[in-house]
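All values reported here derive from a predicted model rather than from experimental measurement.
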Amino acid sequence: MDSELLLRFLIVLSAAAVVVGIARYRPKRRGWVLRTAGNLAGPGVFLFTAAACGSCESARAVYRRILGEDGFQEFTWEEHSELLAKLGVAEVPAGSVLDASDREVGAFVGVPGRIRLRLAVRKAGLSGGARGASH
């Protein structure tokens, strides 16, 4: 009986070691970067959403709280599917902040944190109501 208990303990310990090893040594997810060149013009803040998206309204609320109603440009999958595909948007809600050189200074998948969004907007040299334009 003691050997059976020891065997079970070793199996659990081995499984835990495997889980820790995978979590520690798996490749880190690289930052999400849009293919904005020629598709979006900065400076601007862009939000990508879809009608069937459960958390898109939450993301929209964060953008409105930080930037105001007209402080960002929203592109929905239903109306702009070709653009979203060209940009490489694979998940919604997603967002991007571009500076005046059309360089992405902030990218978000999911509902962004208010502080991260504010920092990206500041890094782009935008104040609350800046709106981007599309080409």
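- Considering only heavy atoms from C-beta on, Pro93 stays 4.5 Å or farther from Phe108 through its side chain.
- The side-chain hydrogen bond (donor to acceptor under 3.5 Å, both in side chains) test applied to Arg64 returns Glu69, not counting sequence neighbours.
- A salt bridge between Glu4 and Arg8 is present, with a side-chain N of the basic residue lying under 4.0 Å from a carboxylate O of the acidic one.
- With contacts defined as side-chain heavy-atom distances shorter than 4.5 Å, the pair Trp77/Val92 does not qualify.
- Listed by chain and number, the residues in a salt bridge (Lys or Arg N to Asp or Glu O under 4.0 Å) with Arg114 amount to none (sequence neighbours excluded).
- Heavy atoms from other residues, nucleotides or ligands lying under 6.0 Å from CG of Leu7 number more than 12.
- Ala59 and Pro112 get closest at one heavy-atom pair: CB-CD, 4.3 Å.
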(request) Take Leu126 and Leu67 through the side chain to side chain contact (heavy atoms under 4.5 Å, CB included) test and state the conclusion after the steps. (result) CA-CA 10 Å; Leu126 300 170; Leu67 302 164; over 6 Å; no

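- Contact annotation: the side chain of Val121 never approaches that of Val105 to less than 4.5 Å [non-hydrogen atoms, C-beta and beyond].
- Atom CD1 of Ile66 sits about 3.5 Å away from atom CZ of Arg118, to the nearest 0.5 Å.
- Interatomic distance, NZ of Lys123 versus CG of Leu98, reported as 12.5 Å (0.5 Å rounding).
- Around atom CZ of Arg65, more than 12 heavy atoms belonging to other residues, nucleotides or ligands sit under 6.0 Å away.
- Among all heavy-atom pairs drawn from Tyr63 and Ser96, the shortest one is OH-N, 4.5 Å.
- Leu87 is listed as a side-chain neighbour of Leu40, based on a closest heavy-atom distance under 4.5 Å.
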Would you give me the side-chain donor-acceptor pairs under 3.5 Å for residues 41-58, sequence neighbours excluded?
residue, atom, partner, partner atom, Å
Thr49, OG1, Glu74, OE2, 2.6
Glu57, OE1, Arg60, NH1, 2.4

